[in-house]
Amino acid sequence: MLIIPKPPSGRYNTPGELLREKLEERNLTQAEFAKCLGISQPNLNDILKGRRRVSAAFAIKLEKELDLAAELWIELQGLFDLDLEREKMR
């Protein structure tokens, strides 16, 4: 398990925010990257905006395309989900 420190904002970001940064670093459009992953551009957009969760299968696709461990994507998703649930319980 990776340990990702809580950001100064006090809330974890969605995995989509990191993914957006990686696409920008590589000068890739959503359409180009969606095609590489074998998914639709609207589905990728939903992940980038945090409206769709990163699944284990999708994390493995990201690992292959971006050379970032699938575990990173799963942990980011889990930490974000935990923050959401904690907010609901307040």
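In this chain, numbering begins with 1 at the start of the sequence shown. Fair warning: this is a prediction, and the values are worked out from it, not measured in the lab.
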Asks: Just checking, any donor-acceptor pair under 3.5 angstrom between side chains of R52 and N45?
Replies: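 On atom types as modelled, these side chains do not qualify, holding no pair under 3.5 Å.
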Asks: Output the distance between atom CG (L23) and atom CG (L28), rounded to the nearest 0.5 Å.
Replies: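 Interatomic distance, L23 CG to L28 CG, rounded to 0.5 Å: 6.0 Å.
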Asks: Evaluate the side-chain proximity of N43 to L37: yes if any heavy-atom separation is below 4.5 Å, no if none is.
Replies: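 Not in contact.
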Asks: Would you check if the side chain of R26 reaches a backbone N or O of L66 as a donor-acceptor pair within less than 3.5 Å?
Replies: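 Flag set: sc R26 to bb L66 pair under 3.5 Å.
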Asks: Which distance, rounded to the nearest 0.5 Å, do you find between the CG of D83 and the OG1 of T14?
Replies: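 Nearest 0.5 Å value for the CG-OG1 distance: 11.5 Å.
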Asks: Once salt bridge (charged side-chain N to carboxylate O under 4.0 Å, His left out) is applied, do any residues pair with E87, and if so which ones, sequence neighbours excluded?
Replies: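 Applying salt bridge (charged side-chain N to carboxylate O under 4.0 Å, His left out) to E87 gives R11.
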Asks: Between G16 and L48, what is the shortest heavy-atom contact and its length?
Replies: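 That would be O-CD2, 3.5 Å.
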Asks: CD of E24 to CG of L19: how many Å apart, nearest 0.5 Å?
Replies: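 The distance works out to 10.0 Å.
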Asks: Under a 4.0 Å N-O cut-off, is there an ion pair linking E25 with K22?
Replies: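 Result for this pair is yes, salt bridge flagged.
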Asks: Return the CG to CZ distance between D46 and R53, rounded to the nearest 0.5 Å.
Replies: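 The CG atom of D46 sits 14.0 Å away from the CZ atom of R53.
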Asks: Measuring from atom CD of Q77 to atom CG of L72, what distance do you get when rounded to the nearest 0.5 angstrom?
Replies: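 Rounded to the nearest 0.5 Å, the CD-CG separation comes to 11.5 Å.
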Asks: Output the distance between atom CG (L18) and atom CG (L76), rounded to the nearest 0.5 Å.
Replies: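 Those atoms lie 6.0 Å apart.
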Asks: Do any N or O atoms from the side chain of E32 and from the backbone of T29 form a donor-acceptor pair under 3.5 angstrom?
Replies: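 Such a contact is found between E32 side chain and T29 backbone.
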Asks: Which pair of heavy atoms, one from I74 and one from V54, lies closest together, and at what distance?
Replies: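 Closest pair (atom of I74, atom of V54, distance): CD1-O, 4.0 Å.
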Asks: Taking side chain as C-beta onward, heavy atoms only, is I39 less than 4.5 Å from F33?
Replies: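 Result no, sub-4.5 Å side-chain heavy-atom pair not found.
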Asks: Kindly indicate, with the supporting measurements, whether the criterion side-chain contact (heavy atoms from CB on, under 4.5 Å) is fulfilled by Q41 and K35.
Replies: CA-CA 8 Å; Q41 187 274 328; K35 187 175 180 179; over 6 Å; no
Asks: Sort and list the pairs that fulfil side-chain hydrogen bond (donor to acceptor under 3.5 Å, both in side chains) and have at least one residue in residues 54-68, not counting sequence neighbours.
Replies: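 Residue pairs passing side-chain hydrogen bond (donor to acceptor under 3.5 Å, both in side chains), neighbours aside: none found.
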Asks: F80 and Y12: which non-hydrogen atoms are nearest, and at how many Å?
Replies: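 Looking at all heavy atoms of both residues, the shortest contact is CD1-O, 3.3 Å.
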Asks: What's the shortest heavy-atom distance between A59 and W73, and which atoms?
Replies: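 In this case the closest contact between A59 and W73 is CB-CB, 3.9 Å.
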